[in-house]
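Reading through the structure tokens given below for one structure.
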Amino acid sequence: MRPIALVESVDESAYGGKAAQLAAAIRAGLPVPGGVALSFGFVDAVSAGHPTAIRELAEVCATLDGPVAVRSSAVGEDSETASFAGQHLTCLNVRPSPPALTDAVGAIWKSAYSGSALAYRQRLRLPSEPRIGVVVQELVVADCAGVLFTRNPFDGADEIVIEANWGLGESVVAGLVTPDHFRLSREGRVLERTPGTKDIEVRVLPEGGTREAEVPAELVRALCLGDKQLRELHALAMRCEKAFGGAQDLEWAFAGGTLYLLQRRAVTSAMKKGGDR
């Protein structure tokens, strides 16, 4: 299958769970960055160096206006039973050139065969042979970013939990910092604001890729979300629940005052048992 617009990638069996979830979110009018979806068969062909696939991937590059985020979208990923959080590689700030994009797609394909990813599959009794699609999205150069749960993942309370840091959200997802912690009621009332120790942020490099940077001392304990941003996140959480039903696990970012939804999944059964983010 040739690459298609992300909004069209509703077939989870071909394009993987992340692409299908994002396609549904775009169709629901949620603020998802645009992009392209690559089927697992196409990713296999690129990784094997097939000339036709390499040429078609180069054609994708011609449609990209700037740097992109390249993320895994395995069949079964971001499902209610398996998130694959942290198991597959994500490549951020990839330049839209054929060599850079080909390398990123190949690296993500390879990461699905790591020992930890295969062990994860075995633990959840998933098929042993990965089928790895890829999502190529416009890069959101975040001022602050993080995760949001529409049900407390620690005790199951019916409230919204938000964790946030300066810069790209990978610092929160990868556990590089103790992020700011917020709790909101279902109606959006702020129940808790706990500053984190946010001494590291992930920033983009001009030449591509990212780096870990020290946060200025005055921002380490300063809350990175104000009331307006918390209201916007609450509204996004409610829209996701209305569109998809059930408890939501979201990754989000603010850039230039605009809120973006980067990923969404149902809260997994493993997370409910305290095992998976």
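Position 1 is the first residue of the sequence; numbering continues from there.
- For the salt bridge (charged side-chain N to carboxylate O under 4.0 Å, His left out) condition, the pairs that include at least one residue of residues 160-178, sequence neighbours left out, are Arg71-Glu170.
- Residue pairs that meet the ring pair (Phe, Tyr, Trp, His ring centres under 6.0 Å) test with at least one member in residues 91-111, sequence neighbours left out, are Trp109-Tyr113.
- For Leu176, the side-chain contact (heavy atoms from CB on, under 4.5 Å) criterion is met by Ser171, Ala174, Val202, Glu212, not counting sequence neighbours.
- Heavy-atom minimum distance, Pro3 versus Val36: CB-CG1, 3.7 Å.
- In this structure, Ser73 contributes its side chain and Gly133 its backbone to no donor-acceptor pair below 3.5 Å.
- No donor-acceptor pair under 3.5 Å is formed between the side chain of Asn165 and the backbone N or O of Gly146.
- Each of Asp227, Leu225, Ile162 was compared with Arg193 under the side chain to side chain contact (heavy atoms under 4.5 Å, CB included) criterion, and only Asp227 meets it.
- Side-chain atoms of Arg151 and Val267, non-hydrogen and from C-beta on, never get closer than 4.5 Å to each other.
- A side-chain donor-acceptor contact under 3.5 Å links Ser185 to the backbone of Glu187.
- Judged as a salt bridge (charged side-chain N to carboxylate O under 4.0 Å, His left out), the pairs with a partner in residues 33-56 (not counting sequence neighbours) are, in order, Arg2-Glu56.
- For Ala255, the side-chain contact (heavy atoms from CB on, under 4.5 Å) partners two or more places apart in sequence, or in a different chain, are Val140, Tyr260.
- In this structure, Lys242 has no side-chain contact (heavy atoms from CB on, under 4.5 Å) partners at least two apart in sequence or on a different chain.
- Residue-environment remark: CD (Glu214) stays at or below the threshold of 12 foreign heavy atoms within 6.0 Å.
- Between the side chain of Lys198 and the backbone N or O of Ala222, at least one donor-acceptor pair lies under 3.5 Å.
- Applying the side chain to side chain donor-acceptor pair (under 3.5 Å) criterion to Arg95, with sequence neighbours excluded, gives no partner residue.
- Side-chain atoms of Asp180 come within 3.5 Å of backbone atoms of Gly196 as a donor-acceptor pair (strictly under, hydrogens ignored).
- Partners of Ala28 under the side-chain contact (heavy atoms from CB on, under 4.5 Å) rule, at least two apart in sequence or in another chain, are Leu30, Ala243.
- Under the 3.5 Å distance criterion, the side-chain polar atoms of His181 are left unmatched by any main-chain donor or acceptor of Ala164.
- Within the hydrophobic cluster formed by Ile, Leu, Val, Met, Phe, Trp and Tyr side chains joined at under 4.5 Å, directly or through other members, Trp166 is accompanied by Val215, Leu219, Val220.
- Residues satisfying the side chain to side chain donor-acceptor pair (under 3.5 Å) criterion with Gln248, sequence neighbours excluded, are Arg264.
- The SG atom of Cys91 lies 9.0 Å from the CG atom of Asp103; values are rounded to the nearest 0.5 Å.
- In this structure, Asn93 contributes its side chain and Leu205 its backbone to a donor-acceptor pair below 3.5 Å.
- For the ring pair (Phe, Tyr, Trp, His ring centres under 6.0 Å) condition, no pair includes a residue of residues 5-51, sequence neighbours left out.
- Surrounding CZ of Arg189 are at most 12 heavy atoms belonging to other residues, nucleotides or ligands under 6.0 Å away.
- Here the side chain of Gln229 pairs a donor or acceptor atom with the backbone of Gly226 at under 3.5 angstrom.
- Not one N or O on the side chain of Thr102 forms a donor-acceptor pair closer than 3.5 Å with the backbone of Pro99.
- Both Leu250 and Leu259 belong to a single network of hydrophobic side chains, linked directly or stepwise wherever heavy atoms of I, L, V, M, F, W or Y lie under 4.5 Å apart.
- Glu192 meets the side chain to side chain donor-acceptor pair (under 3.5 Å) test with Arg183, Thr194; sequence neighbours excluded.
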